[in-house]
Amino acid sequence: MTRLWFLNRWVLFAVVAGGIAAFMDQDYYYTLLNFIGIHTLLVVGLNLLLGYAGQISLGHAAFFGLGAYTSGILTATVGVDPWLALVAGLAVSGTAAFLIGLPALKLRGYYLAMATLGFGIIVYIILNEASDLTGGPSGLSGIPSLSLAGFAFNTPRRLYLLIWILLGLILYISANLVNSRTGRAIRALHDGEAAAESLGVDTFRLKLKIFVWSALYASLAGSLFAHTLNFIAPSSFGFMFSIKLVTMVVLGGMASIWGSLLGAGALTVLPELLTVFHDFEMVIFGAILMAVMIFLPRGLVRGILDLYENRRYKRQGGSFPV
Amino acid sequence: MENFAPLLQYLISGLTNGAIYALIALGFGIIYNATTIINFAQGEMVMLGALCAISIYHVAPSLPLAFAGAVVLVTCVGLVFERLALRPVKDPTPIALIIITVGGAVLIKGVAMLIWGKEAYALPPFSGNDPIHLGPATILPQNLWVLGITAISVLALEAFFRLTLVGKAMRACAYNTRAARLVGIAAGRMVQLSFGLSAALGAGAGILIAPLTLGVYDMGTMLGLKGFSAAIIGGLGSLAGGVLGGLVLGVAEALATGFISSGYRDAVAFLLLLLVLFLRPQGLVGGRK
Amino acid sequence: MKTKAILGGLILALVGLGLIFLGCGDAKKTAPYVVGGIFSISGPASYLGEPERNSLEMVIGEVNAKGGINGHPIKLTIYDDEGDVTKARLHATKLAQDKNCLAVIGPSLTHTSMTTLEITQKAKLPLISCAAGSAITAPAKDRVWVFKTAQTDKMAVERIYQYLQKTNLKQVAILTVSTGFGVAGKEQLLSQASQYGIQVVAQEVFGEKDTDMTPQLTKLRGSTAQAVICWGTGPAPALVAKNMKQLGITIPLVQSHGVASKKFIELAGDAGDGIILPAGKLVIWQQLPDTDPQKAVCKEYAEKYHAKFKAPESSFGGYAYDAVRMLNQALTKAGNNRDKIRSELEGLKNFVGISGIFNMSPEDHNGLSPAAFVMVKIEKGEFKLID
């Protein structure tokens with residue numbers, strides 16, 4: 001039963017995503033969907049770390065920025081092939097994550113939060129200050145579009161195809177990862193490190209692996225972002241964006257692959273629809289983070305479902321199975 | 001000798017900022033000791049302190065009144081924050097607590113922006129604006145106020161924790177909450193007290209620095225992060241460590257600006273944080289954990 | 001069970017999303033001229049976006065009250081990019097796909113303008129940016145569809161150096177902020193120095209949010225500089241003035257046009273006295289001689305803005321004011337033809353605006369000269385025209 005539903009979700013994803021591509025012809029909505037896709041990539045990666053491994057990164061925008069700027073600089077300034085630059089971005093971000101995770105993940109609790117926070121700010125400062133390399137605060141322009149066998153992804157619609165096919169792939173890989181043996185070990189980690197250790201899980205290596213993995217997602221998203229906008233500026237990669245990503249994870253639901261799509265989608269679309277977001281953005285993000293974590297720690301969607309089922313179980317005289 | 005004049009000026013700048021970082025670091029330390037929570041909203045208390053003092057001064061131009069009023073107001077904010085945001089948490093994992101306090105910081109900042117807008121405001125210095133010449137360097141009376149009040153606060157805190165019954169009870173909670181409960185200490189009260197105390201310290205820091213730096217709704221984030229780095233650098237939970245960490249950080253920043261490059265000043269602060277995290281995670285004065 | 005529930009929710013969400021998208025087809029409208037606006041109305045740069053939006057709405061309101069342009073009312077579509085490139089890109093895309101949209105005014109910032117122009121260029125949609133960066137319209141041959149009304153940093157630097165040359169100050173120290181504004185200013189300060197026989201003997205930077213510039217100034221004090229030039233916006237330049245006073249540095253302080261506002265004087269307090277800076281003429285329009293053609297335009301704008309919004313007028317709002325008046329002139333002649341509007345804008349000559357007198361050409365899509373700036377000095381809390 002579960003297996004079947006699981007398969008169906010992918011079919012549904014493909015049908016809806018494909019249907020949109022077939023019937024819609026407005027650049028604005030494609031652009032919006034492209035940003036949703038890019039944000040979802042970031043959020044899925046962060047969710048693996050936050051929701052599954054129980055570790056937090058407060059500087060995820062830095063890996064996003066490293067990917068974007070490696071792609072941007074290598075293609076616009078050096079003239080490297082965009083795909084090669086994308087891979088280089090992955091290498092840079094992965095190495096950075098490895099180097100930070102190596103010492104920070106040996107320690108408990110707050111240390112990864114602090115280390116990533118510090119790293120995020122340092123990267124942001126370098127993007128601003130090293131203007132010879134990065135173009136400085138005014139940004140880096142002239143980034144070419146990606147292309148495959150002569151097919152250039154240079155319109156919102158074509159980019160939509162690229163981003164959402166990649167996203168489907170990444171979601172599939174992530175879902176498999178979570179449901180694999182490694183995935184179960186990861187979840188054991190979240191529930192209790194000591195218990196996981198006693199079951200023979202090398203928790204440190206596992207956490208490190210997840211951390212690097214999530215940095216790679218962010219880097220891929222960054223490269224796609226650079227080739228989508230053809231222009232990047234440091235202001236997209238600041239501390240506030242890292243917080244926004246955490247908010248997306250929390251809203252969509254910790255440890256939920258599909259929740260990531262929802263969280264990223266909601267927080268990308270809502271500010272477009274509701275002007276109330278503009279000056280209240282910080283208040284809303286802060287309130288979401290606090291309220292969800294206090295009242296529905298499993299995320300908004302799962303939390304509401306939990307509440308609903310809990311009530312139903314109670315009505316039937318049973319108790320909610322945890 | 002030629003290099004001495006700028007060096008002294010860098011030290012004055014570094015120690016003043018360092019003292020502010022130290023006050024914020026102490027706020028982190030007090031809460032951490034009582035609860036093992038890192039309160040990411042600590043920096044926003046600094047901002048609230050500065051802006052509340054400026055607003056009160058605007059209505060009734062008396063600095064002592066502004067100081068006292070702002071400290072009381074922000075202490076209340078700290079207490080309310082603990083009551084509304086942290087006590088109801090059902091599952092206090094570190095992750096949940098980090099996210100909640102980060103959320104609190106963003107929320108407070110957002111509300112402050114709605115109240116005060118995005119503009120910066122000035123607060124007059126406590127006693128005049130005429131620089132005092134100190135050999136080849138100059139120092140403002142306000143710098144002396146910052147250093148003096150920080151020193152007094154640190155001594156008062158130390159005395160509070162060592163000499164008073166409440167202070168001893170708080171320390172007992174920090175060492176072993178369950179044991180403290182067993183001997184009749186109201187641990188919940190102590191947690192509340194720690195939030196109030198650290199909010200007061202943060203507010204004090206904000207009011208002290210406002211005449212030098214102006215007050216603006218987004219000043220708290222960076223100050224909070226720096227104070228937090230100071231706490232880690234010194235050794236989380238150690239009072240002496242927080243002070244040392246703050247001063248080291250402030251001086252390092254000033255020297256880096258003076259001798260290396262002014263653009264990377266904040267990067268130096270966080271690089272120092274990363275270095276300490278990696279080489280000596282227990283901090284400069286912390287013991288092995 | 002739960003899986004099913006989640007799945008149900010997901011289907012609903014996605015289908016809903018799809019329906020929203022499909023349902024949003026554009027109804028064809030014909031009569032009004034559609035003009036887009038993208039400004040940083042909220043976010044950190046709202047001090048730019050807000051007066052720009054207000055000025056745009058004010059002018060369009062007047063035009064429509066008088067019956068529109070050649071009988072066509074103007075429909076304004078204004079978006080807030082919050083200073084975020086992603087949002088600016090989205091809004092630009094939305095405006096570009098509207099076939100009725102004839103031109104876009106804004107964005108307020110250099111980086112948001114750079115991402116917007118990628119879209120408007122492709123869509124062949126005229127864009128009149130309100131941001132300062134010279135890269136927005138240079139080279140004009142590549143930026144066929146892009147114009148801008150704000151003075152560039154190059155002109156401000158020329159004015160400062162001309163003034164320093166006149167007062168015989170040859171060695172300067174520069175202190176610039178690490179933002180797009182500061183970096184562009186620094187480039188110009190360094191590249192133009194030699195033309196005016198000026199030597200930059202020290203250069204330092206500071207962060208936008210920095211609150212203590214004494215280390216940088218201490219370093220500058222050790223140099224042979226005869227004047228300090230500070231390039232920044234917001235509260236930090238006021239702190240530079242305060243810190244200089246604290247350190248007892250008495251050489252002249254020159255600031256950029258980024259601080260030409262009352263707020264700066266208020267923040268700097270006593271330390272503000274004696275500061276010299278280039279400013280648009282709007283700041284001191286009362287002190288202009290009656291022969292200056294800009295005086296009347298500035299007077300009209302200042303008085304109208306004041307009356308309508310009960311807030312002080314600002315040079316930033318002036319950028320949008322000039323842009324929309326320019327566009328109205330082009331619309332009057334060219335009608336609803338984007339190509340003709342573009343040619344009209346490019347051919348604009350002797351257009352008297354708030355920010356200066358514009359003379360556009362195929363090589364210059366800004367059209368201003370250094371005469372757009374005057375040098376002013378802060379005396380007793382007021383700007384005073386000195387050159």
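These numbers were taken from a predicted model, which means no experiment stands behind them. Reminder, nothing fancy here: chain letters follow the sequence lines and each chain counts from 1. Just so it is clear, the values below take in all heavy atoms, side chains as well, and ignore hydrogens, waters and symmetry mates.
A donor-acceptor contact shorter than 3.5 Å is absent between the side chain of B:Lys118 and the backbone of C:Ser46.
Of all residues in residues 200-212 of chain B, those placing a non-hydrogen atom less than 4.5 angstrom from a non-hydrogen atom of chain C are B:Pro211, B:Leu212. Contacts between residues 44-59 of chain B and chain C, counted as heavy-atom pairs separated by less than 4.5 Å, involve no residue at all. Using a 4.5 Å cut-off between non-hydrogen atoms, the part of residues 229-246 of chain C that approaches chain B consists of C:Pro235, C:Leu239, C:Lys242, C:Lys245, C:Gln246. Listed by sequence position, the residues of residues 249-259 of chain C in contact with chain B number zero, using a 4.5 angstrom heavy-atom cutoff.
The NZ atom of C:Lys209 lies 11.5 Å from the CE atom of B:Met219; values are rounded to the nearest 0.5 Å. We find the OG-CE distance between C:Ser42 and B:Met113 to be 7.0 Å, quoted to the nearest 0.5 Å. Distance check, rounded to the nearest 0.5 Å: CD of B:Gln9 to OG1 of C:Thr214 gives 6.0 Å. Atom OH of C:Tyr47 is separated from atom CD of B:Glu119 by 11.5 Å, given to the nearest 0.5 angstrom. With rounding to the nearest 0.5 angstrom, the OG atom of B:Ser262 is 8.5 Å from the CG atom of C:Asp210. Once rounded to the nearest 0.5 Å, the distance linking NZ of C:Lys263 with OH of B:Tyr121 reads 6.0 Å.
Contacts with chain C were tallied for B:Gly14, B:Gly263, B:Gly258; B:Gly258 has the most, counting heavy-atom pairs under 4.5 Å. No other option in B:Gly117, B:Ala254, B:Ala120 has as many heavy-atom pairs under 4.5 Å with chain C as B:Ala120.
C:Arg221 and B:Pro136 make their closest contact through NH2-O, 3.9 Å (heavy atoms, listed as atom of the first residue, atom of the second, distance).
With a 6.0 Å radius and a threshold of 12 heavy atoms from other residues, nucleotides or ligands, B:Trp145 has its CH2 atom at or below the threshold.
Both the backbone and the side chain of C:Lys219 come within less than 4.5 Å of a heavy atom in chain B. Of the two parts of B:Asp266, only the side chain, counted from C-beta on, holds a non-hydrogen atom closer than 4.5 Å to a non-hydrogen atom of chain C.
Results of the side-chain hydrogen bond (donor to acceptor under 3.5 Å, both in side chains) test with C:Asp212 over B:Asn17, B:Thr257, B:Thr16, B:Thr213 single out B:Asn17 as the only residue that passes.
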